Number of protein chains: 2
Amino acid sequence: MRLYAERGYEQTTVADIASEAGLTARTFFRHFADKREVLFSGSEILLERMVEALDAVRPGQGPMRAVAAALDAAAVMLGRDPSFSRRRQSLIDASAELRERELIKMATIGAALADGLRRRGVPAADASLAAEAGIAVFRVAWEQWLAGPPEADLAGIMRATLERLSTVTTALSPEAADG
Amino acid sequence: MRLYAERGYEQTTVADIASEAGLTARTFFRHFADKREVLFSGSEILLERMVEALDAVRPGQGPMRAVAAALDAAAVMLGRDPSFSRRRQSLIDASAELRERELIKMATIGAALADGLRRRGVPAADASLAAEAGIAVFRVAWEQWLAGPPEADLAGIMRATLERLSTVTTALSPEAADG
DNA sequence: TGGACGATGTCATCAAGTGACATCACTGGA
DNA sequence: TCCAGTGATGTCACTTGATGACATCGTCCA
């Protein structure tokens, strides 16, 4: 992250990173599938936590309740270190390649959530939809959290955004869009 | 597309493609930013059509109405050639690199829709949320359309999925999830 | 003590991408 | 008719990401 921040992602070679760590480029690729992956090593853990939280929701609760629990778990995990999150995100935002990678990590989480919902007995189409909606909320809430003060409560923003999504999608005419 | 289908995306080199077209690899890169981009040349047009449709919605209509119009425009454009769409999508699904690229195209469209909504006076956060929700609907409907019979009506599926999203997000308890 | 194993290094190689420069066909005037 | 400009292409050289094959070295265990 330091090197990416100093020179920019594209200007930093894998050889740079490796030698900084006292290793070889070849060794770098034994630890990370590619140059992007360094910034996304935590995403499997995030996925696991979210799926665990989703699975832990009492059966019989609707899919969005389960998704909300997953979002809460994500917020707890990601909300701990705002400064780290900001630095990391600014690197990602600065590089198209990294943004692509971030998107596929999100998509992977979405697919896992959808799977989890189906395991709960949610019809396949609803599961996909609820999971995608969850990801949408995640994204918007995350962005909002990063834009706000460091002390802001990510979990709270997530919940409010989820709430808001339901309002926005339901209100097809403007006058119903109160907040 | 033929080469990608025959040998797979990774096994096809840019030199292969170029020589197939009677050109040089260097020339390929003058027409496409990279090897992935060949499959996504149509996406700017799709974006334009969707934004046009969004802009054309009567002011005062809620954001989801505008998004629905954009989805409709997309459906019209993408629903024309189911066989082409299927072949193309199966190539994309087979390659992580291509899936990444597809995701960033979707994200770009989402950002453009959010922008369009803000131009309509929709509050920034609601705009992001409505746009992301639209993309979610797009994705799920698209997948469903591809899985179904070729004669299925993409626009109809989009509308139904949007409808369904509102039901799913609103219904936080299971008993409310009729539909 | 010896051997399995895991982490690393070394070397060779391929493919993606890019910059610099040359070539060639076409087109719009002088 | 010819010439200059322009755009598309080719050629060459080079960097970098990524991978396979093989060697080395240290640790741990039977």
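The sequence lines fix the lettering, A, B, ..., with proteins before strands; numbering per chain opens at 1. As the structure is a computational prediction, the values presented were derived from the model and not from experiment.
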Just by modelled atom types, is the A:Leu146 backbone N or O under 3.5 Å from a matching donor or acceptor in the A:Arg86 side chain? yes
Got a sec? Which of residues 25-36 of chain A come in under 4.0 Å of DNA chain D, heavy atoms? A:Arg26, A:Phe29, A:Arg30, A:Ala33, A:Asp34, A:Lys35, A:Arg36
Interatomic distance where CD belongs to B:Glu10 and P belongs to C:dC14 [whole Å]: 17 Å
Does A:Lys35 count as lying over the ring of A:Phe29, i.e. NZ or CZ under 6.0 Å from the six-ring centre, within 45 degrees of the axis? no
Send over the distance from B:Leu23 CG to D:dA8 C1', rounded to a whole Å. 10 Å
Under 3.5 Å, is there a donor-acceptor pair between the side chain of B:Trp145 and the main chain of B:Ile157? no
Contact check, side chains of A:Leu54 and A:Arg120, non-hydrogen atoms, under 4.5 Å: yes
Could you state the atom-to-atom distance from CZ of A:Arg101 to P of D:dG17 in whole Å? 14 Å
Assess whether a salt bridge exists between B:Lys105 and B:Glu100, defined as any Lys/Arg side-chain N lying under 4.0 Å from an Asp/Glu carboxylate O. no
Measure from CZ on A:Arg7 to C1' on D:dT16 and round the result to the nearest Å. 14 Å
Value in whole Å for how far the P atom of C:dG17 lies from CD1 of B:Ile17: 10 Å
Taking the side chain of A:Thr24 as heavy atoms from C-beta outward, which of D:dT16, C:dA16, C:dG9 is closest to it? C:dG9
Please give, in whole Å, the distance from C:dG17 P to A:Gln11 CD? 16 Å
Ignoring hydrogens and angles, tell me if any N or O in the side chain of A:Ser95 forms a donor-acceptor pair with the backbone of A:Ile92 under 3.5 Å. no
For A:Glu97 and D:dG17, what is the distance between atoms CD and P respectively, to the nearest whole Å? 9 Å
